[in-house]
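I have placed the structure first, in the form of structure tokens, so that the comments after it can refer back to it.
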Amino acid sequence: MVLLAAIALSSFVFIANPQGDLAISSLKVVSSNARRYPNKKQDLAFVHFNITADLAPLFHWNTKQLFLYLEAEYTNAKGTKNEVVIWDRIVRRKEDAFIKFAGKNKYMFRDVSSSFKNVPPAHYSLKYNVMPYVGVLTYGEAARTTEPVAFPPSQSRL
Amino acid sequence: MFTEELKAFKRLGFRHVLLQILNFASVIASGLMIWKGLGIVTNSESPIVVVLSGSMEPAFYRGDLLFLTNPAGERYNTGDITVYKIPGADIPIVHRVLETHDVKPKKSSKTAATSPVNQLLLTKGDNNYVDDIELYQGLEWLERKHIVGKVRGFLPYVGYVTIAMNDFPQLKYALLGGLGLLALIQRE
């Protein structure tokens, strides 16, 4: 019991704040049919991005795994503040903690109003969640786009 | 077989038995008080939960213990792991937040200034391929009122006792009976 508490507390000693790079290489908006209502139109955004980050410093003896996720933040035309995870990865070993990834979004990126028309540019950020063997879950941000990326007008096909 | 024990029991007397029962009751009562007190501090109806499914593997396995908080004024971020309970479903679900949408309250309503923003959430289990919309029983989004709490701390395996007790009810009765007997017979 005491040992477990000591291990849990010891992870507060390890403070790492790794920084990486994140760049959005392309962004397309395509008009498509909604998932649950086939007659409704729904804009989907397709994001291509590059990530480079060395997250090895986050691994210490009480790190079970890292949950890494790429998030888009924007406020839409109606004033709704949105955060949408578009890609994630679970890192389980220190050897895999150097992230170099280029690819596209894993999860559907859509707006609640079903359209990206007149939506202000979005910020993208790479965040992580350190999950311990025992103790407290911690969160952090590893990279962020320097400039917000604007949504292009929607096209009928990719 | 039990003559020896019974004799010891008689020797202790009626008063002692009553005292032991009282002790036992106070143990149970303080346990309940701690649980309810934790519930008030964390603002969560169940501040400690046991993971019942493998949908968050490899983060959480069956039997892991999670500690939750649910501060009233706090908003949920993506990446947070929440425990939610859909009305109609009897089992709370532990999944990670995939999308948050802070919808502004309508300006016309009187409570707009005081009421917190209504947050719409979408969740997904780390080990599932698709998001949870099928689990919401017809709801489009998860709302704040469905959420039991946010996972803050983690303790592996400990909760397996409760899973074992649910799977083998005999074990539960054996454990309870054993504890009760021990409390009655034990002398200080």
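Below, chain A is the first sequence line, B the second, and so on; all start at residue 1. Below, each value reflects all heavy atoms present in this structure, side chains not excepted, and no hydrogens, waters or symmetry copies.
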Give the member of A/Ala72, A/Ala8, A/Gly79 that has the highest number of heavy-atom pairs under 4.5 Å with chain B.
->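 Looking at each option in turn, the highest pair count goes to A/Gly79.
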If hydrophobic clusters are built by linking Ile, Leu, Val, Met, Phe, Trp and Tyr wherever their side-chain heavy atoms come under 4.5 Å apart, do [X] and [Y] end up in the same one?
X: B/Phe154; Y: A/Phe12; result: no
X: B/Val148; Y: B/Ile40; result: no
X: B/Leu175; Y: B/Tyr173; result: no
X: B/Leu120; Y: B/Val83; result: yes
X: B/Leu142; Y: A/Val112; result: yes

Is any side-chain heavy atom of B/Leu98 less than 4.5 Å from a side-chain heavy atom of A/Val84?
->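 B/Leu98 vs A/Val84: side chains apart.
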Which region of A/Ile90, side chain (C-beta onward) or backbone (N, CA, C, O), has a non-hydrogen atom less than 4.5 Å from a non-hydrogen atom of chain B, or is it both or neither?
->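 Contact with chain B is through the side chain of A/Ile90 alone.
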Relative to chain B, which segment of A/Ile86 carries a heavy atom at a distance below 4.5 Å: side chain, backbone, both, or neither?
->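 For A/Ile86, there is no contact with chain B at all, as no heavy atom is under 4.5 Å.
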Count the heavy atoms belonging to other residues, nucleotides or ligands that lie under 6.0 Å from CZ of A/Phe98, then report whether that count exceeds 12.
->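 More than 12 heavy atoms, drawn from other residues, nucleotides or ligands, come within 6.0 Å of this atom.
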Checking heavy atoms, do the side chain of B/Leu65, its backbone, both or neither come under 4.5 Å from chain A?
->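 Neither; nothing under 4.5 Å.
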Part of B/Val151 lying under 4.5 Å from any heavy atom of chain A |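 Both parts, backbone and side chain.
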I'd like a table of all donor-acceptor pairs linking chain B to chain A (distance under 3.5 Å, no angle check), giving the atom names and the distance to one decimal.
from, atom 1, to, atom 2, distance (Å)
B/Ala59, O, A/Lys64, NZ, 2.6
B/Arg75, NH1, A/Glu83, OE2, 3.4
B/Thr78, N, A/Glu83, OE1, 3.3
B/Thr78, O, A/Tyr69, OH, 3.0
B/Thr78, OG1, A/Glu71, OE1, 2.1
B/Gly79, O, A/Tyr139, OH, 3.1
B/Arg96, NH1, A/Asn129, OD1, 2.9
B/Leu98, O, A/Val85, N, 2.8
B/Glu99, OE2, A/Arg110, NH1, 3.2
B/Thr100, N, A/Glu83, O, 2.8
B/Thr100, O, A/Glu83, N, 2.9
B/His101, ND1, A/Asn82, OD1, 2.4
B/Asp102, N, A/Lys81, O, 2.7
B/Asp102, O, A/Lys81, N, 3.2
B/Lys124, NZ, A/Tyr107, OH, 3.1
B/Asp131, OD1, A/Arg35, NH1, 3.4
B/Asp131, OD1, A/Arg35, NH2, 3.2
B/Asp131, OD2, A/Arg35, NH1, 3.1
B/Glu140, OE1, A/Arg36, NH1, 3.1
B/Glu140, OE1, A/Tyr37, OH, 3.4
B/Arg152, O, A/Leu137, N, 2.9
B/Phe154, N, A/Gly135, O, 2.7
B/Phe154, O, A/Gly135, N, 2.9

